[in-house]
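Here the structure comes first, spelled out in structure tokens, and everything after it is commentary.
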Amino acid sequence: MQPEKKQYIDMEFKHQEIDKKWQKYWAEHKIFKAENKSGKPKYYVLDMFPYPSGAGLHVGHPLGYIASDIYARYKRQQGYNVLHPMGYDAFGLPAEQYAIATGTHPAVTTEKNIRRYREQLDSIGFSFDWDREIRTSDPSYYKWTQWTFIQLFKHWYDHKEGKARPINELTDIFANEGNGNVEAANDCERNFSAGAWNAMSEKEQQEILMHYRLAYNGYGMVNWCPALGTVLANDEVVDGKSVRGNHPVEKKRMRQWFLRISAYAQRLLDGLEDIDWSPSIKEVQRNWIGRSQGAIVYFKVDGHEDSLEVFTTRPDTLWGATFMVLAPEHELVESITTEKQRAAVEAYIKTAKNRSERERMADTKTVSGVFTGAYGINPVNGDKIPIWIADYVLSGYGTGAIMAVPAHDSRDFAFAKHFQLPIIQVVTSEDEELKDPQTWEESYDSKEGIMIHSGFITGLPVKEAIRRTIEFLTEKGYGYGKVNYRLRDAIFSRQRYWGEPIPMYYKDGVAYPLDESQLPLELPPIDEFKPTETGEPPLGRAKNWKTKEGYPLDLNTMPGFAGSSAYYYRYMDPHNDKAYFSEEAIRYWQDVDLYLGGDEHATGHLIYSRFWAKFLYDIGLTVKEEPFKKLINQGKIQGRSSFVYRVNNEKYAEYLLWERIRKEGMEKEFVRNFHEGHRKFDFYHPGGDLIIEIKSREKLEKLSSPYEEYVQNSKHKLMLIPVAEIIKDIDGVFAKIKEAIQDDRKGVLIKYDKKHRLPLLFVSKDVEGRKVFSSPIHVDINLVENDILNIEGFKAWREEYANAQFLLSPDGKYRCGYEIEKMSKSMYNVQNPDDLIARYGADTFRLYEMFLGPIESHKPWDTQGIEGVYRFIKRFWRLFYAPGGDFLVEDTPANEAELKVMHYTIKKTQEDIERFSFNTAISQFMIAVNEFTAMHSHKRELLDPFVRIMASFAPHIAEELWHRLGHAESVVYAPFPEYDEKYLKEDSFEYPVSINGKMRFKLSLPAGLTDKTKIQEEVEKHPTAQKWIAGKTIVRFIFVHKRIINVVVK
RNA sequence: GCGGAUGUGGCGGAAUUGGUAGACGCGCUAGACUUAGGAUCUAGUAUCGAGAGAUGUGGGGGUUCGAGUCCCCCCAUCCGCACCA
């Protein structure tokens, strides 16, 4: 009997062995290797690559990877050549912070973390082509990040051609005609002729060019984070704090590298039209780009040469402009302020400066400002209007100056009201009765309407009025139409070590790029990872940080988004040392077909990537303008925290006593929370003149003399009861209270014997009164099953709980509460994928992550639910093997009913995979397994295709069973089966029959039957129908083929 | 304040084009088997009601033979933006 036993073991479903076996097989045979040359159509599935943190993966991380892996595997089975790579965003602050603290080189930490990530990723059975792995911190990779930076430096943006062009084409234009006709993205304030240009020194020319380059070095207000010792990009700051680490950030004027992403604002906006991304993420990007269409208007300053430039989206309301406001930082403030107002203006600027960015943002209600003494002249009617400064006008947006139209703008309105400035209404709706705007409660939203009091545009609708006003301004030279963007240039320097060195050096104070042959410029070793004593970035510590010629190199490194902005192209040809990627590779792969990642990258990575992609496209390197055709944002997996309820003994004692009083029907005789003078007592019984105070023994002892004193003065009886006595002996306590009420004495202190000690007490969730006397404490979810606490485990969890006692639910169990929160260590709700995979196997884990719900929605992780999926996997296995180990698969042909189930399952799951509805596909697998089990179907004709459709979801078990079915090749390339409609056809259809829209009964009719009269006859024969129709007339009979029958009666 | 998304049993969710609301799974209840398991199987499980039946997709209205789905108004939650001129 020995061999039989052996067979038995062999035929059990053992995921630990099966997982390992096939993972090894796939790796050894390089099953997932993608070729850059193929007759097959290409499909590129990409995941946002992870930053390898020290904590490893929790169950939330692989969600997107599993979804993309299923799709990648599905596409392979559909005959596509699939590129599905993975790598690491390996530069980053945590490893560097750790280096500063411990001296461990960030490369060491990163390597260690990557190894751990790789182990975890491998255990889930992903179909990555690991031969294409990249790491952003690898010099052979960041060589190309540096190379791209140099290309950005060497290009400018020509709005006429709508693309980036080499900088030498710009210098040619300058040399021939100066900069008068150039329509470039720039921040150059000088106008010069060809002659002037040619006469400039090299240094002067370079300084001019810096205002045109797409990567430029300049002064700007930057986000300086003192705690991190570096500047940050706008998307790395939220609410005035750093996203990483939550440290305060301040505005500081510094010289930094910038990327002129603003040049691409319009194209970044337009590109959103053509890509398949979620509406919400497109909306976030639109907001971030912040396009507003309007006009620049010049206001002459009365008695000055200068004029003020104002941006407005509503030039039609110029006639309603009653004052102007400048940002306190505006450059003309000083020159236009009158002597009389100077002191007030300077004082205001000083306080405005002292207010941090955060304060200014938080405080949007206080109206503040000061008059400069100067007047602007309204170009449309010559009116003199006062010029104020106020910090509600931002220096960084538009021109830092506005015309205020208080009637139609709420902030201007508040300002006008506060400083009693005039308000003129210029827009009205047709049926509006005009009232004096000075009496208005709020400004009037005027996006639509008819102009009044507005010169030549009076009577026109708003849209038309805007158009006519811009025409007028342009004609007279008073202004012009303009589009403004909120998108700021990206700050590109980081005063940090663990990033790509910026490949620039300085000669005579002018920045020059390294020659491309010098790349990569590798990170030098340094002794410590902190800034230098003189406040220079860490690279200032490097020995010999200069070019061969001896010129000093830049001390900054690049920000996190540098390495991730074009990594998706590098995967196409990751080992190329001659080019970023070969032309052959880019022509074949072109772009990412499907990109999966979290929506937290909406304004960072996903905007920068689109910008880099457009630049690389402009310079002819790539073939598609948008890098990511379809984007799916996987939802986060939230933690499900469990709570125990710790009893507050004093509150519990009060609760117990009060409940007892109520049980005795004495609640009307007592007063709770009795106040006398400054004192407050728990209970008072006026009839017996008895005060009851419940406190811990320690407190009662401490307060004993004040109580003595109080009793002597007040003449009440005062009963002091230790908390423990009530909890342990409520009957005894209550008897004593009754006794005390009868007691005739006055001014006595009734004390209590102290017999009992109190343990630490926890109360089950559904115990009455729990909310009143307990507070929730997080408990490790591993100690809880179905909300029932493992009491022994809990006692062992923490020393202080070792002697804890429990108030259990009526069923004798301790029931925990729960809440959905972020998954985090501090809430003890983290699920570790390694444990789950060890227990249930990779396939169950993959299926369960997908089964939780739609890929895009956020959902809580239910520790229990995985059992159901595990049962399904085992039932699936049992279609092939009997519990005793017999191989059940038979070659007899399947019957109609079986084929119907199989073909419907193929159809349904294929449709579901294609719309990324993996949870419903898995439901269908379950239904099919349930039905085959019920029908005792073990036929090859059914199971062979079943294994193939399951292969992308549960690759390990599928591969195992595929081979046991007798196939020698991997299931990875086994074609996804095609369903045949003929098996899905029904001879009859069971119609739901409704009477007046309510389903009453079901009626089976031949599927081909469409004759309404005949059907109506059939329906009327039915007893249930007769019951409902009786005494009424059928006014309408609705028949929808293969859907429904509805009888309308009256 | 503006913009976006979401709202369905005790829980996660399904219903793809306006056509049987609650598929599938968890949990729960009862039972079977037993090598007593964190195993397997069977039946039940939206609410009220003994039943017939009534009610039911955040609330209110509307369109329709028929609405979770379409339209209008309101509420709640989450996310993003926020003196943006």
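These numbers come from a predicted model, not from an experiment. Within every chain, numbering begins at 1; the chains are lettered A, B, ... in the order of the sequence lines, protein sequences first and strands thereafter.
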**Message:** If I compare all heavy atoms of Thr844(A) with all of Val869(A), which pair ends up nearest, and what's the gap?
**Reply:** O-CG1, 3.8 Å
Can you measure [X] atom [atom1] to [N] atom [atom2] for me and round it to whole angstrom units?
X          : N      : atom1 : atom2 : value
Ile1044(A) : A67(B) : CD1   : C1'   : 12 Å
Arg1000(A) : A54(B) : CZ    : P     : 4 Å
Arg291(A)  : A85(B) : CZ    : P     : 13 Å
Phe872(A)  : C26(B) : CZ    : C1'   : 16 Å
Glu283(A)  : C2(B)  : CD    : P     : 14 Å
Leu1003(A) : G19(B) : CG    : P     : 21 Å
Arg846(A)  : G25(B) : CZ    : C1'   : 19 Å
Tyr397(A)  : C83(B) : OH    : P     : 12 Å

Pairwise [atom1] distance for [N] and [M], with rounding to whole Å:
N      : M      : atom1 : answer
C2(B)  : U20(B) : C1'   : 42 Å
G4(B)  : C71(B) : P     : 14 Å
A82(B) : G13(B) : C1'   : 35 Å
G12(B) : G60(B) : C1'   : 30 Å
U77(B) : C26(B) : P     : 33 Å
A46(B) : C28(B) : C1'   : 14 Å
G31(B) : G25(B) : P     : 23 Å
A21(B) : A54(B) : P     : 13 Å

Given [options], which nucleotide is nearest the side-chain atoms of [X]?
X          : options                : answer
Pro854(A)  : C26(B), U16(B), G13(B) : G13(B)
Lys1027(A) : G12(B), G25(B), G53(B) : G53(B)
Arg411(A)  : U16(B), C84(B), G12(B) : C84(B)
Trp288(A)  : A15(B), G27(B), C81(B) : C81(B)
Arg878(A)  : A14(B), C65(B), C41(B) : C41(B)

**Asked** Taking for each residue the nucleotide of RNA chain B bearing the nearest heavy atom, is the 5' side occupied by Met999(A) or by Asp862(A)?
**Response** Met999(A)
**Request:** Nearest-nucleotide wise, let me know which of Ile1038(A) and Phe989(A) is further upstream toward the 5' end of RNA chain B.
**Result:** Phe989(A)
**Prompt:** Any side-chain heavy-atom pair from Val929(A) and Phe872(A) closer than 4.5 angstrom?
**Reply:** yes
**Request:** Indicate yes or no: at least one non-hydrogen side-chain atom of Arg640(A) is less than 4.5 angstrom from one of Ile781(A).
**Result:** no
**Prompt:** Angle class for the His601(A)/His605(A) ring planes (parallel below 30°, perpendicular above 60°, tilted otherwise)?
**Reply:** perpendicular
[N] phosphate, OP1 or OP2, under 4.0 Å from [X] side-chain N/O:
X          : N      : result
Asn786(A)  : G10(B) : no
Arg1036(A) : C65(B) : yes
Arg486(A)  : A82(B) : yes

**Test: Asp276(A) and Lys282(A) ion pair at under 4.0 Å** = no
**Asked** Would Asp766(A) and Arg815(A) pass as an ion pair if we require N to O under 4.0 Å?
**Response** yes
[X] ring center near [Y] ring center (under 6.0 Å):
X          : Y         : value
Phe1039(A) : Tyr991(A) : yes
Phe415(A)  : Phe323(A) : yes
Phe953(A)  : Phe925(A) : yes

What's [X] touching, base or sugar-phosphate or nothing? Going by heavy atoms closer than 4.0 Å.
X          : value
Asn1046(A) : base
Asn484(A)  : nothing
Val284(A)  : sugar-phosphate
Thr312(A)  : sugar-phosphate
Arg871(A)  : sugar-phosphate
Glu785(A)  : base

**Asked** Looking at residues 917-927 of chain A, who's got a heavy atom less than 4.0 Å off RNA chain B?
**Response** Asn919(A), Thr920(A), Ser923(A), Met926(A), Ile927(A)
**Item:** Involving RNA chain B, stems made of at least three consecutive Watson-Crick or G-U pairs, both distances under 3.5 Å
**Value:** B:1-7 with B:75-81, B:10-12 with B:24-26, B:27-32 with B:40-45, B:46-48 with B:53-55, B:58-62 with B:70-74
**Request:** Report the distance from atom NZ of Lys1002(A) to atom OG1 of Thr1024(A), rounding to the nearest 0.5 Å.
**Result:** 12.5 Å
**Asked** When rounded to the nearest 0.5 angstrom, what is the spacing between CE in Met950(A) and CD1 in Ile922(A)?
**Response** 9.0 Å
Can you find a donor-acceptor pair, distance only, under 3.5 Å between [X] side chain and [N] base?
X         : N      : value
Lys874(A) : U40(B) : no
Lys998(A) : U55(B) : no
Asn287(A) : C81(B) : no

**Request:** May I ask you to check if Arg411(A) and Tyr392(A) form a cation-pi contact, with NZ or CZ under 6.0 angstrom from the six-membered ring centre and within 45° of the axis?
**Result:** no
**Prompt:** How about Lys900(A): does its NZ atom have over 12 heavy atoms from other parts shown lying under 6.0 Å from it?
**Reply:** no
**Message:** Need the glycosidic conformation of G31(B): syn if within 90° of 0, anti if not. Which one?
**Reply:** anti
